[in-house]
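One structure below.
The figures here come from the full heavy-atom set of this structure, side chains too, leaving out hydrogens, waters and symmetry mates.
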Amino acid sequence: MTVPRLLVQKRCNFQTLRFHGLFGDQWTKIGSCLGRSGMSVLHKFLELQGTNEGCWSEEEIGRLDASVRASTGTEFGSQIYGDINWIEVADFVMTRTSYQCRAKWLKDVCWKTANGEKNIKWNSEDDVKLIERLYVANETDENDINWVQMTKDLPKTPSVTWLRSKWTTLKKAVPNYTECDFEGKAA
């Protein structure tokens, strides 16, 4: 006989909260007790702390934008080049997890200009520009690329992390990309 999924989920939630009471924020230790990774336990715990799901309110978006700007020391409408502490941002937003904040920022909020309108999003022409810039950079290894400068040179790029992620997606379109060297992927 199979155990209903809801019952298993409730038991998992109870165990997560119980072990958090015993071990505090030692997520790796809690994860080993539950047979899960520390990060998955942390995500589950944050989920159980009363965070919202679904559509974001204008107030939440405002707090997200303000907290990212405060965290990075940038003005509204400017691109973000520095690291963003998503846990700190989520603490300020109060109603969302760090993962929800990051996803909302990268998907929507970072694309807004100073007057609140949407910036033109990245398109296939920008893909070509990125590949061209990587090709003329004459680097032999991806790790040698100056991603900060690359981000500044491509105005539609919201962040360094986003651009590196975009490159990772693009290079996977190259047949047998795992077997190519960097020059082969960029060419």
Do L163 and V128 belong to the same hydrophobic cluster, where Ile, Leu, Val, Met, Phe, Trp and Tyr are linked whenever their side-chain heavy atoms lie under 4.5 Å apart, directly or via other members?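 Different hydrophobic clusters.
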Check: For the hydrophobic clusters of this structure (ILVMFWY residues joined by side-chain heavy atoms under 4.5 Å, transitively), does one cluster hold both M39 and V41?
Finding: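 Yes, M39 connects to V41 through the hydrophobic network.
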Between E60 and K104, is a salt bridge (Lys or Arg N to Asp or Glu O under 4.0 Å) present by the stated rule, with each step listed? CA-CA 10 Å; E60 287 177 315; K104 182 67 174 175; over 6 Å; no
query: Does a donor on one side chain and an acceptor on the other come within less than 3.5 Å for W56 and Q100?
result: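 No donor-acceptor contact under 3.5 Å links the two side chains.
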* Asked: How about D65 and W105: does a side-chain donor come under 3.5 Å of a side-chain acceptor?
  ->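 Result is no, nothing qualifies.
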Which pairs would a plain distance check flag for residues 86-94, meaning a side-chain donor or acceptor within less than 3.5 Å of a matching protein atom at least two apart in sequence or in another chain?
none

If I take atom [atom1] from residue [X] and atom [atom2] from residue [Y], how far apart are they, to the nearest 0.5 angstrom?
X: I30; Y: S37; atom1: CD1; atom2: OG; answer: 12.0 Å
X: T72; Y: N85; atom1: OG1; atom2: CG; answer: 11.5 Å
X: L130; Y: Y135; atom1: CG; atom2: OH; answer: 15.0 Å
X: L22; Y: K29; atom1: CG; atom2: NZ; answer: 9.5 Å
X: K166; Y: T151; atom1: NZ; atom2: OG1; answer: 13.5 Å

Practice problem: Output yes when D153 and K129 qualify as a salt bridge under the 4.0 Å nitrogen-oxygen rule, no when they do not. | Solution: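 The answer is no: the pair does not qualify as a salt bridge.
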Donor-acceptor under 3.5 Å ([X] side chain, [Y] main chain):
X: S165; Y: T161; answer: no
X: S67; Y: R63; answer: yes
X: R36; Y: S40; answer: yes

